[in-house]
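Quick notes on the structure that follows.
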Amino acid sequence: RLVRELPPKKLFRVVESELLDDVEPDDVPAGAAASLQKKLLAAFKQAMPRIPNAYEQLDQLLGSQITLGMLADIVAYTIDLDLETKARLLAECNVFKRTNILLDAIDARAKAGLR
């Protein structure tokens, strides 16, 4: 979270920021994070270009070894999204909400014929 912009002393903007932790709601059914992670990984595979052997490597790298929040951040960084969507993703600490925003954005890109 951006706390404040610091006085300009360089040719680029400098800000004071605060690191926010991911939040997983307590009222989520067991297995919901794993299910959402599989759904996001499948959507990511569909959104990226066809690269031989890439999907197997993605499964090994991103499968169950990282958290849902980390996977959402990696996918959001990798896929070309508009600035408004990126800002919404950066502002959302709830990993389930952030993942659903990302899934909606990937779906919109697919409907528009974008990869």
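No experiment lies behind these values; they were computed from the predicted model shown.
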Could you walk me through whether Ile74 and Ile66 pass the side chain to side chain contact (heavy atoms under 4.5 Å, CB included) check? CA-CA 10 Å; Ile74 290 168; Ile66 63 173; 3.9 Å; yes
How about [X] and [Y]: do any of their side-chain heavy atoms sit closer than 4.5 Å?
| X | Y | value |
| --- | --- | --- |
| Phe96 | Val23 | no |
| Asp107 | Arg109 | no |
| Val3 | Val15 | no |
| Lys9 | Val14 | no |
| Asp22 | Arg98 | yes |
| Thr99 | Val75 | no |
| Thr67 | Val95 | no |
| Asn100 | Leu36 | yes |

Out of curiosity, does Leu71 fall in the hydrophobic cluster containing Val28 (side-chain heavy atoms, cut-off under 4.5 Å, transitive links)? yes
List the atom of [X], the atom of [Y], and the distance in Å for their closest heavy-atom pair.
| X | Y | answer |
| --- | --- | --- |
| Ile106 | Ala47 | CG2-CB, 4.0 Å |
| Ala72 | Leu40 | CA-CD2, 3.7 Å |
| Ala33 | Glu24 | CB-OE1, 4.4 Å |
| Cys93 | Asp21 | CB-O, 3.7 Å |
| Lys86 | Leu81 | CE-O, 3.4 Å |

Atom pair [atom1] ([X]) and [atom2] ([Y]), whose distance is rounded to the nearest 0.5 Å:
| X | Y | atom1 | atom2 | result |
| --- | --- | --- | --- | --- |
| Leu89 | Tyr77 | CG | OH | 15.0 Å |
| Gln37 | Leu68 | CD | CG | 5.5 Å |
| Leu2 | Arg13 | CG | CZ | 8.5 Å |
| Asp80 | Leu114 | CG | CG | 8.0 Å |

Steps toward salt bridge (charged side-chain N to carboxylate O under 4.0 Å, His left out) verdict (Glu92, Lys97): CA-CA 7 Å; Glu92 185 57 66; Lys97 289 181 182 179; 5.0 Å; no
What do you reckon, is CD of Glu16 surrounded by more than 12 foreign heavy atoms closer than 6.0 Å? yes
